[in-house]
Amino acid sequence: MSNKEYNFSEIEKKWQDFWEGSGLFRVNEECDRDKFYCLVMFPYPSGTLHVGHGRNYIIGDVVSRYKIMKGFRVLSPIGWDAFGLPAENAAIASGIHPSIHTKNNIKKMKVQLERWGVGYDWDREVTSCEPDYYKWTQWIFLKLFERNLAYKKKAAVNWCPSCATVLANEQVVDDLCERCDTRVKQRDLEQWFFRISDFAQRLLDDLETLDGWPEKVKVMQTNWIGRSEGAKINFKLEGSEKIIPCFTTRPDTIFGVTFMSLAPEHPIINELIKGTDHENPVSEFVDRVRCQSAIERTSEGTVKEGIFTGRYVINPVNSERVPLWVSNYALMEYGTGAVMAVPAHDQRDFEFACKYKLPIKIVIQPSGNDTALRPEEMSEAYVEDGVQVNSCQFDGIPNREAIPKIIDFFEEKGMGERNINYRLRDWLISRQRYWGAPIPIIYCDRCGAVPVPEDDLPVLLPENVEFKPHGHSPLNDVEEFVNTTCPKCGSGARRETDTMDTFVDSSWYYLRYLSSKDNAQAFDSETVNKWLPVDQYIGGIEHAILHLLYSRFITKVFFDLKLINFNEPFRNLFTQGMIIKDGAKMSKSKGNVVNPDLITEKYGADTQRLYTLFIAPPQRDAEWNDRGVIGSYRFLNRLWNNITEFEEHFKNVPDTEIQHSLFSKETKELYRHINITIKKVTEDIEKSWSFNTAIAAVMELLNMVVDFSAGLRDKEFKDEVNINDFNILRLSLETIVKVLAPFVPHICEELWKILGHNPSIFSVPWPIYDEDAIAAEQVEMVIQINGKVRSKLVVPSEISEDDLKSRVMEDQKIIENLDGKKIIKTIVVPKKLVNLVVR
RNA sequence: GCCGAAGUGGCGGAAUUGGCAGACGCGUUAGGUUCAGGACCUAAUGUCCGCAAGGAUGUCGGGGUUCGAAUCCCCGCUUCGGCACCA
């Protein structure tokens, strides 16, 4: 056999041009055949892609091409998440305008994507920084503003000093900026928010409908939304008509309240202390605590601190006077900003009470009361279940049962009500940066914040801007941008100079692909309703909360606006694992980036694709091994050489139907394995996306074909048996080429031609296997004695149990091993094994 | 602390209604081919004992269920991810 290396660069270019020219991936949205919307998360144009990024696009391409062969009309679009900080930071550093920088990067990355042979409908390309895209991002803002889902408020927000902008909660990880790892600070600023917290329950409920999502992502979103059930209880302020409500998940502990904690930001504090002896110390405490960052305030290790206000509230159930404190562990953003403190049954309250010598009152005792709790002996709060004590009419009831009863009691007496709280906060969407979609709002002294009329969209980003990181948007300094007239009253007014979080851009792009060139609307409802939800979404786990939660939210808003008829954007989600190099995630700063261009140059795109798929199951992280690439390259060359050496025969030997009656033992076995392989590959793709094992199965088949073809080499195919043998070889090679086509499309197109067919292999239906051919006539069975393998027997697969047993007893090795011992039990697993239990 | 995932040769990984552990590939070793290198071909390759035939042992550790456990149950350990002063 020849050992040439195939000319991948010529072949790959040729077929990439062919697919582009023949419009393999161009899809007419009017088409009503079986549709399949396959979507990969669109990239941020950072400049270059590494092999780790490649995994995402390669997986998406495998799915698209497989579905095409299965007869689906596949929509596979791509675009660019093109607004964002890196381009602007580059502008500050180098003076190159972000739009130039971004366009250059897009050009480079597009070449990379094409070189991988990943197929897209480029006619649908969207770029989020282009006015014809961000016009509609602004339109979406207006729609939310109309429905009061976009609003401005002053709040303590996360400020990244390095990025010189505010960040959403989701973009702060362990008190660090998700982008640049700088420690964020708390600042009181007036900012724009989207009311995502109004959708908390729906976002939670609909997770249950997402059967095609990884459990892990659903758990993460559930945690992030953080629902807790409980009650809101009204405490009267002593000496006032005022009520201070507080939220609790443990209304069963209401009789154990011994103090109340207010968040330092609580608006009532000032009036509580005004003119009293407590005014100065409490104010000082409040000011000091408010300077701390969120993490200093809220981490578990932080020492609890507080100060007495001098005032009391009244516990509604027993009229006890409850001292009112301000403490650093009460958060204004959660619940009502006031905590009813039960030191006996809450660890935080317990620590606080110990520190300030506040009373501890037990209201729940462990059941089986041999070990009754006593306050003076407690070293930590008792947070387990038990039986109510010191709780008047509720005494003796198990606390879990008491909860609804106590809430009913509150509701009857007007003391409080059922209540649910969520951890999810509203989405902070304004950014003090240039390179984003301007928020379409105009401030007028007379009319307030006025939305830009739809007809005036887009609010264009001015081109000539000075780039400096100074903590307010560079747009502030552009007079002709800022100064405008009020759309309502016509008097002089100023534009909003903040831009939108880029996650707003990416929260709706999957809709725009369906009408990327439509100048009259963001998307066409009818078309979108036909093609969405997305059948398969593929992307990184890092978006488990951010992008995927925001997109679900925006989809629900559109649903409410009756713009779309579906509630969830992505029916199936696949999160691929990271490619690791030298034990770490690839990054420029670590210098462990593997450049795909070098791999493609040396071995070709198909090799890179094959290795990326073969390296590990796609959902798992995998270590990139440069040596491993060569194995994939060898395999493709082996396949190439085994087909091309018979090229003449494929032309000359008539391609007659295979005659089963002419099968020899070898041909029958090969025919059987052809069918086994089709089955295995199909099931691996369909059921579990186990591309690595699918490819391994094809490798096994090729190994078998290589052995088989050795016997046919140099033969002339003249008699009937000969021709039949050759056509089995032909069938096996054609099958290999077909089932490999989604993985390594270029070489398969070329080999399909060499096998004597017209292009394209993607117009060929996915092969179907013959179930009957898979059944073997003979099987090898393992013979065990006491669970240890002692012999193996080849027997007819339909052998009777009696025949099998007598064959076992005649086996020389078994006779030796039995050594006269007594057989107590015989276990027979048909077609697999026989186990003799002996003593 | 709570929730979740994972742990198998020198390496990536395979095997799940419980039934031959290590498919496939990398690496390594030996041989062939080659002026040479690479490439290619053939064979071997978990560990230990043995010239061999063969035997023992082996899937993070310890128990258990079973004729039989990588797989099921219990108790631990390690790694990774999420949440974490959210009342």
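Note that the coordinates shown come from a computational prediction; the quantities given were computed from them, not determined experimentally. Naming convention: chains lettered A, B, ... in sequence-line order (proteins, then strands); numbering from 1 in each chain.
Residue contacts shown for A:N692 are limited to sugar-phosphate atoms, with no base heavy atom under 4.0 Å away. Within the nucleic acid shown, A:D621 comes within 4.0 Å of sugar-phosphate atoms alone, with no base atom in reach, counting heavy atoms only. If you check every strand for non-hydrogen atoms under 4.0 Å, A:R227 touches nothing.
Checking B:G9 for Watson-Crick or G-U wobble geometry (two distances, each under 3.5 Å) identifies no partner in any strand. Pair assignment for B:U42: B:A30, on the basis of Watson-Crick or G-U wobble contacts that are both within less than 3.5 Å.
Mapping A:V837 and A:K813 onto RNA chain B by nearest heavy atom places A:K813 closer to the 5' end of the strand. Both A:V782 and A:V173 sit near RNA chain B, but only A:V782 has its closest nucleotide nearer the 5' end.
Nucleotide B:A87 holds its C1' atom 5 Å from the CZ atom of A:R348, rounded to whole Å. The interatomic distance linking A:E215 (CD) with B:C3 (P) rounds to 15 Å, in whole Å. Taking atom CZ of residue A:R620 and atom P of nucleotide B:G4, one finds them 19 Å apart after rounding to whole Å. Look at OH on A:Y633: it is 23 Å from P on B:C24, rounded to the nearest Å. As rounded to whole Å, 15 Å separates atom C1' of B:A87 from atom CD of A:E229. Whole-Å rounding puts the A:L793 CG to B:C20 P distance at 16 Å. Regarding A:K680, its NZ atom lies at a distance of 13 Å from the P atom of B:C24, rounded to whole Å. Put simply, CD on A:E623 is 15 Å from C1' on B:C80, counting in whole angstrom units.
Base orientation of B:G9: syn, since the glycosidic angle falls within 90° of 0.
Nearest nucleotide to the A:P617 side chain, out of B:A87, B:C3, B:G13: B:G13. When each of B:C3, B:G12, B:A87 is scored by its nearest atom to the side-chain atoms of A:I615, the top-ranked nucleotide is B:G12. When distances are taken from the side chain of A:M220 to each of B:G82, B:A14, B:C86, the shortest belongs to B:G82. Which of B:A87, B:A14, B:C24 sits closest to the side chain of A:T248 comes down to B:A87. If you check B:A87, B:C41, B:G19 against the side chain of A:V829, the one that comes closest is B:G19. Of the candidates B:G13, B:C3, B:A39, the closest approach to any side-chain atom of A:E5 belongs to B:A39. With B:A87, B:C24, B:G19 as the choices, the nucleotide that has an atom nearest any side-chain atom of A:M699 turns out to be B:C24. Checked against B:G19, B:G82, B:C40, the side chain of A:R634 finds its nearest nucleotide in B:C40.
The local environment of NZ in A:K602 is sparse, with at most 12 non-hydrogen atoms from other residues, nucleotides or ligands closer than 6.0 Å.
Under a 3.5 Å cut-off, the side chain of A:Q388 and the backbone N or O of A:D252 do form a donor-acceptor pair.
Atom P of B:G12 sits at a distance of 36 Å from the matching atom of B:A36, rounded to the whole Å. Rounded to whole Å, the P atom of B:G1 lies 49 Å from the corresponding atom of B:G50. To the nearest whole angstrom, the two P atoms, one in B:G19 and one in B:G32, are 44 Å apart. Atom P of B:C80 sits at a distance of 35 Å from the matching atom of B:U65, rounded to the whole Å. Separating the C1' atom of B:G13 from that of B:G4 is a span of 23 Å, rounded to the nearest Å. Straight-line distance between the P atoms of B:C24 and B:C41: roughly 15 Å, to the nearest whole Å. Nucleotides B:G10 and B:U28 are separated by 8 Å at their C1' atoms, to the nearest Å. Between B:G63 and B:C77, the two C1' atoms lie 15 Å apart (nearest whole Å).
With hydrogens and angles left out, the side chain of A:N835 and the base of B:C67 share a donor-acceptor pair within 3.5 Å. Evaluation of atom-type donor-acceptor distances gives no pair under 3.5 Å for the side chain of A:K832 against the base of B:C20. One N or O donor and one acceptor, one from the side chain of A:K304 and one from the base of B:C85, sit under 3.5 Å apart.
Under 3.5 Å, the side chains of A:D811 and A:S791 contain a donor-acceptor pair of N or O atoms. Remark: the A:Y329 side chain and the A:E351 side chain contain no N/O donor-acceptor pair separated by less than 3.5 Å. A:N642 and A:W640 share no side-chain donor-acceptor pair at under 3.5 Å.
For the side-chain hydrogen bond (donor to acceptor under 3.5 Å, both in side chains) test, residues two or more places apart in sequence or in another chain that qualify with A:E229 are A:R227.
Pairing each heavy atom of A:A168 with each of A:W427, the nearest pair is CB-CD1, 4.0 Å.
Side-chain N/O atoms of A:R638 include one lying less than 4.0 angstrom from OP1 or OP2 on B:C41.
The line from OH of A:Y356 to CZ of A:F259 is 10.0 Å long, rounded to the nearest 0.5 Å.
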